[in-house]
Amino acid sequence: MAERRYGEPAPKTIETIAGADWYGDELNRQRYQSTLFADLDLSEARNTGCVFTECTFRRARFNGSTHHGAAFVNCTFAGCNFFDTTFTECKFVGSMFDGCQFDSMQVVAGDWSFTGLPGADLRKASFRGTRLREADLTGARCQEGSIRDVDLSGAWLHSADFSNCDLRGSDLSALEPANTQIKGAIITIDQTIIVAKALGLDVRRK
């Protein structure tokens, strides 16, 4: 299991739901606290406003599911599959991801601050208008991905690879070009000034 920020332990669970089949289900504002979901099948499910607090998802399948206004607060995701999953205006504050698959995952708006995504393969994932403040993206692979209009202030970006990634409109104030791959990344004119300053250049108008 990848380590959480500052070595904090994962929240303990007090209840286990194993092998639940929620395929294609309509989930509406259910609440779960400190629950371990083992081998949960959420494929094609539609989740509106459900709240999961300090829960653990182990080998859960989210394939093709949609989530709107839902919250996964301080949760742990281990070995989960998010293929073609869409999260719109969802909250993932403090959650940790380890060994998960994110192909074709789409995240629109929402708050993913303080999430742990170290080493995550986000090459085929898309984030738009999302808050990822102080998220751990150490060693994340984001080549040719899309991370647009995202708040990355204070994020841990050491050894992350943003080669050919679309970063237009995102906050790059935490970027350290010497420790991050950014060759071919797509940015705006305004962002070039931020990157230049991060490189230690003295930027002047004339």
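Residue numbers count from 1 along this sequence. Values reported hereafter were calculated over all heavy atoms of this structure, with side chains retained and with hydrogens, waters and symmetry mates removed.
Checking side-chain atoms of E134 against main-chain N and O of W156 turns up no donor-acceptor pair under 3.5 Å. With hydrogens and angles disregarded, a donor-acceptor distance shorter than 3.5 Å links the side chain of T192 to the backbone of I189. Judged by distance alone, the side chain of D151 and the main-chain N or O of S153 form a donor-acceptor pair under 3.5 Å. For the pair N47 (side chain) and C50 (backbone), a donor-acceptor distance under 3.5 Å is present. S163 places no side-chain N or O within 3.5 Å of a backbone atom of I182 that could act as its donor or acceptor partner. Without hydrogens or angle criteria, Q106 side chain to R128 main chain gives no donor-acceptor distance under 3.5 Å. For S170 (side chain) and V150 (main-chain N/O), a donor-acceptor pair under 3.5 Å exists by modelled atom type. Checked by atom type and distance alone, the side chain of T35 pairs as donor or acceptor with a backbone atom of Q33 at under 3.5 Å. Looking at S65, its side chain never comes within 3.5 Å of a backbone N or O of S43 through a donor-acceptor pair. The backbone N or O of C75 sits less than 3.5 Å from a side-chain atom of S95, completing a donor-acceptor pair.
No side-chain N or O of T188 forms a donor-acceptor pair with one of R168 less than 3.5 Å apart. Checking Q143 against D161 by side-chain atom types alone, a donor-acceptor pair falls below 3.5 Å.
Across F102 and A125, no two heavy atoms sit closer than the pair O-CB, 3.7 Å. Closest of all the heavy-atom pairs between C100 and G79 is SG-N, 4.0 Å. Of all heavy-atom pairs spanning P177 and L175, the tightest one is CD-O, 3.5 Å. Of all non-hydrogen atoms in T56 and P11, the two that sit nearest each other are OG1-O, 4.5 Å. When every heavy atom of S34 is checked against every heavy atom of C55, the shortest pair comes out as N-SG, 3.8 Å. Taking all atoms of both residues into account, the shortest heavy-atom contact from S104 to F83 is OG-CE1, 4.0 Å.
Applying ring-ring contact (aromatic ring centres under 6.0 Å, His included) to F82 and the options F62, F92, F72 leaves one that passes, F62.
A heavy-atom distance below 4.5 Å is not found between the side chains of T53 and N74. Using a 4.5 Å cut-off on side-chain heavy atoms (C-beta onward), P118 and M96 make contact. Side-chain contact between T76 and D98 is absent, with no heavy-atom pair separated by less than 4.5 Å. Residues V107 and T88 are not in side-chain contact: their nearest non-hydrogen atoms beyond the backbone lie 4.5 Å or more apart. For the pair L36 and I14, the minimum side-chain heavy-atom distance is 4.5 Å or more. Within the 4.5 Å cutoff, the side chain of L40 has heavy atoms near those of the F57 side chain. Within the 4.5 Å cutoff, the side chain of N63 has no heavy atoms near those of the T85 side chain. Considering only heavy atoms from C-beta on, I147 comes within 4.5 Å of C142 through its side chain.
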Fill in: L167 and I186: CA distance, side-chain angles, deciding distance, side chain to side chain contact (heavy atoms under 4.5 Å, CB included) verdict
CA-CA 6 Å; L167 294 169; I186 304 169; over 6 Å; no
Item to complete: Start with the C-alpha distance between V51 and Y32, add both sets of side-chain angles, then the distance that settles side chain to side chain contact (heavy atoms under 4.5 Å, CB included), and finish with yes or no.
Response: CA-CA 6 Å; V51 178; Y32 295 90; over 6 Å; no
Discussion item. Please evaluate residues L137 and L122 with respect to the criterion side chain to side chain contact (heavy atoms under 4.5 Å, CB included), reporting the C-alpha separation (whole Å), side-chain torsions for both, the decisive distance (0.1 Å), and the verdict.
Written reply: CA-CA 10 Å; L137 289 166; L122 301 173; 4.1 Å; yes
Worksheet entry | Chi angles and distances behind the side chain to side chain donor-acceptor pair (under 3.5 Å) call for H68, T66 | CA-CA 7 Å; H68 191 281; T66 58; over 6 Å; no
Discussion item. Show, in sequence, the C-alpha distance, side-chain angles and deciding distance for V108 and F127, and conclude whether the side chain to side chain contact (heavy atoms under 4.5 Å, CB included) test is met.
Written reply: CA-CA 6 Å; V108 181; F127 290 82; over 6 Å; no
Discussion item. Using ring-ring contact (aromatic ring centres under 6.0 Å, His included), reason through F52 and F37 one step at a time and then give a plain yes or no.
Written reply: CA-CA 11 Å; F52 299 86; F37 294 92; 5.8 Å; yes
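Remark: D25 CG to L27 CG distance equals 6.0 Å, nearest 0.5 Å. Between the CG atom in D39 and the CG atom in D21 there is a gap of 12.0 Å [rounded to 0.5 Å]. Taken to the nearest 0.5 Å, the CG atom of D103 stands 5.0 Å off from the NZ atom of K124. R123 contributes atom CZ, which lies 12.5 Å from atom CG of N164 (distance to the nearest 0.5 angstrom). The distance from atom NZ of K91 to atom CD of E89, rounded to the nearest 0.5 Å, is 13.5 Å. The distance from the CG atom of D111 to the CZ atom of R131 is 5.0 Å, given to the nearest 0.5 Å.
The aromatic rings of F97 and W112 sit parallel to each other, their planes meeting at less than 30°, with 60° as the upper class boundary.
Ion pair E26/R46 flagged as a salt bridge, since at least one NZ, NE, NH1 or NH2 atom sits closer than 4.0 Å to an Asp/Glu carboxylate oxygen.
Heavy atoms from other residues, nucleotides or ligands lying under 6.0 Å from CZ of R148 number more than 12.
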